[in-house]
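Notes follow once the structure below has been shown.
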Number of protein chains: 2
Amino acid sequence: MPRSGEEARRRLQQAALELYRERGFDQTTTAEIAARAGVTERTFFRHFPDKREVLFGNEAALRDELIESVADVPAGAEPLEILLHAFRKAGRVLVDNRPFSEPRMAVIAATPALRERELAKAASMTEALAEALRRRGVAARLAGLAAHTGWAAFHHAILAWLEDSSRTLDEHLTGAFADLRALAAKAGG
Amino acid sequence: MPRSGEEARRRLQQAALELYRERGFDQTTTAEIAARAGVTERTFFRHFPDKREVLFGNEAALRDELIESVADVPAGAEPLEILLHAFRKAGRVLVDNRPFSEPRMAVIAATPALRERELAKAASMTEALAEALRRRGVAARLAGLAAHTGWAAFHHAILAWLEDSSRTLDEHLTGAFADLRALAAKAGG
């Protein structure tokens, strides 16, 4: 049995990911996830409300980190510079956990119920980022546009990094923001 | 009783919207929507699978129109120019139906179950737009970034238009794409 709550949580996430890959999300029960992790089903429900959330358990920490990073950037920086800084910091977690985060993203992309949850998460993250930009004085709607646009570039960079790991996520982030500049420069109007 | 299927459909959408505003989405039944529209509940289910979809019934038509507009733009145009053209055309439907589309958006924003459906719709629209750009030869991932970014600007323009109707949606679209250019020009990297 895992000794600490943190360890049980990590093992439950790993077990869920393995089972979703092996037999699919719909065919997996919380009892099976608990058994594979070597804990009781009761322990599962102490950590997660349901079998969707087991793959999204680090969301609050990510949101807090993004918001903190946005607040930390020196005054005078432009909205997308601020977001790029926040994404660089948040990206380190993905990089450190690549053996988990890469198959996690593949399972989510292939499972409608998880994909829906992922979309809700992206919406809540962009709203939190927009709000953090507003607290720095960025105009309300412009902050929303910047957050959505920045999030799209972050997502684009992650996909590129998963396909081509000869470059670091940081390099792909630089590339994604350069693509964004090039696209927008020719945006018409 | 409404005479045609098209008329029944429109009345069901109007009745649903009214009831969701008056008493909330969760407190409204399909039977009540049908009664307010002057049709049977059976007619409701001939048009819509459930009470969420009644507010999203025009999605396939919008998607087809966007994809067709993307294909129609002369060769040589840049990705965001192409999308701006498509959004201008699609926006006419919103403008023509403002008495319906404005409260519809307010109800969606205030109702988690509808908001989730809206996010799924936005994801499916951006994927369709990205695919339409790819068919014009835009590189796969760049098409995804362009579609997400363009959709964010479209959404931004709609919000601005709802708040400030002294300018047309077309003018707000021009403004949103200009905001996007200004943001991206200072995107860091």
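In what follows, chains carry the letters A, B, and so on, assigned in the order in which the sequence lines appear, proteins first and then strands, with residues in each chain numbered from 1.
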### Nearest heavy-atom neighbours spanning A:R88 and A:D170
NH1-O, 3.1 Å
### Message
What residues of residues 154-162 of chain B make heavy-atom contacts with chain A at a cutoff under 4.5 angstrom?
### Response
B:H156, B:L159, B:A160
#### Entry: chain B neighbours within residues 138-146 of chain A, where any heavy atom lies under 4.5 Å away
A:R141, A:L142, A:L145, A:A146
### Task
May I ask you to decide if B:A153's main-chain N or O and A:H148's side chain share a donor-acceptor pair within less than 3.5 Å?
no
### Task
Test B:Y20 against B:I33 for side-chain contact (heavy atoms from CB on, under 4.5 Å), laying out the working first.
CA-CA 9 Å; B:Y20 297 166; B:I33 297 168; 3.5 Å; yes
### Task
State plainly whether the residues B:R134 and B:E131 are in salt-bridge range, i.e. N to O under 4.0 Å.
yes
### Task
Answer yes or no: is there an ion pair linking B:K89 with B:E68, defined by an N-O contact shorter than 4.0 Å?
no
### Message
Between B:K51 and B:E41, does any side-chain N to carboxylate O distance fall below 4.0 Å?
### Response
no
### Task
Could you have a look at B:L183, B:T126, B:L119 and say which one has the most heavy-atom pairs with chain A under 4.5 angstrom?
B:L183
### Query
Are more than 12 heavy atoms from other residues, nucleotides or ligands located less than 6.0 Å from atom CZ of A:R52?
yes
### Message
Let's test your reading of the structure: which of A:A176, A:G150, A:A120, A:A152 forms the most heavy-atom pairs below 4.5 Å with chain B?
### Response
A:A152
### Query
Do A:I67 and A:R135 touch side chain to side chain, with heavy atoms closer than 4.5 Å?
yes
### Message
Under a 3.5 Å distance rule, please check whether A:Q13 uses its side chain to pair with a backbone N or O of A:V54 as donor and acceptor.
### Response
yes
### Task
Could you name each residue pair satisfying ring pair (Phe, Tyr, Trp, His ring centres under 6.0 Å) that touches residues 28-47 of chain A, not counting sequence neighbours?
A:F44-A:F48
### Message
Under a 4.0 Å threshold between the charged nitrogen and the carboxylate oxygen, would A:R63 count as salt-bridged to A:E127?
### Response
no
### Query
If contact means a heavy atom pair closer than 4.5 Å, which residues of residues 93-118 of chain A contact chain B?
A:R115, A:E116
### Message
Less than 4.0 angstrom from a charged side-chain N to a carboxylate O is my criterion; do B:E81 and A:K186 meet it?
### Response
no
### Heavy-atom donor-acceptor pair, A:R36 side chain to A:A15 backbone, under 3.5 Å
no
### Task
Please tell me if the side chains of B:L19 and B:F25 come closer than 4.5 Å, counting only heavy atoms from C-beta onward.
no
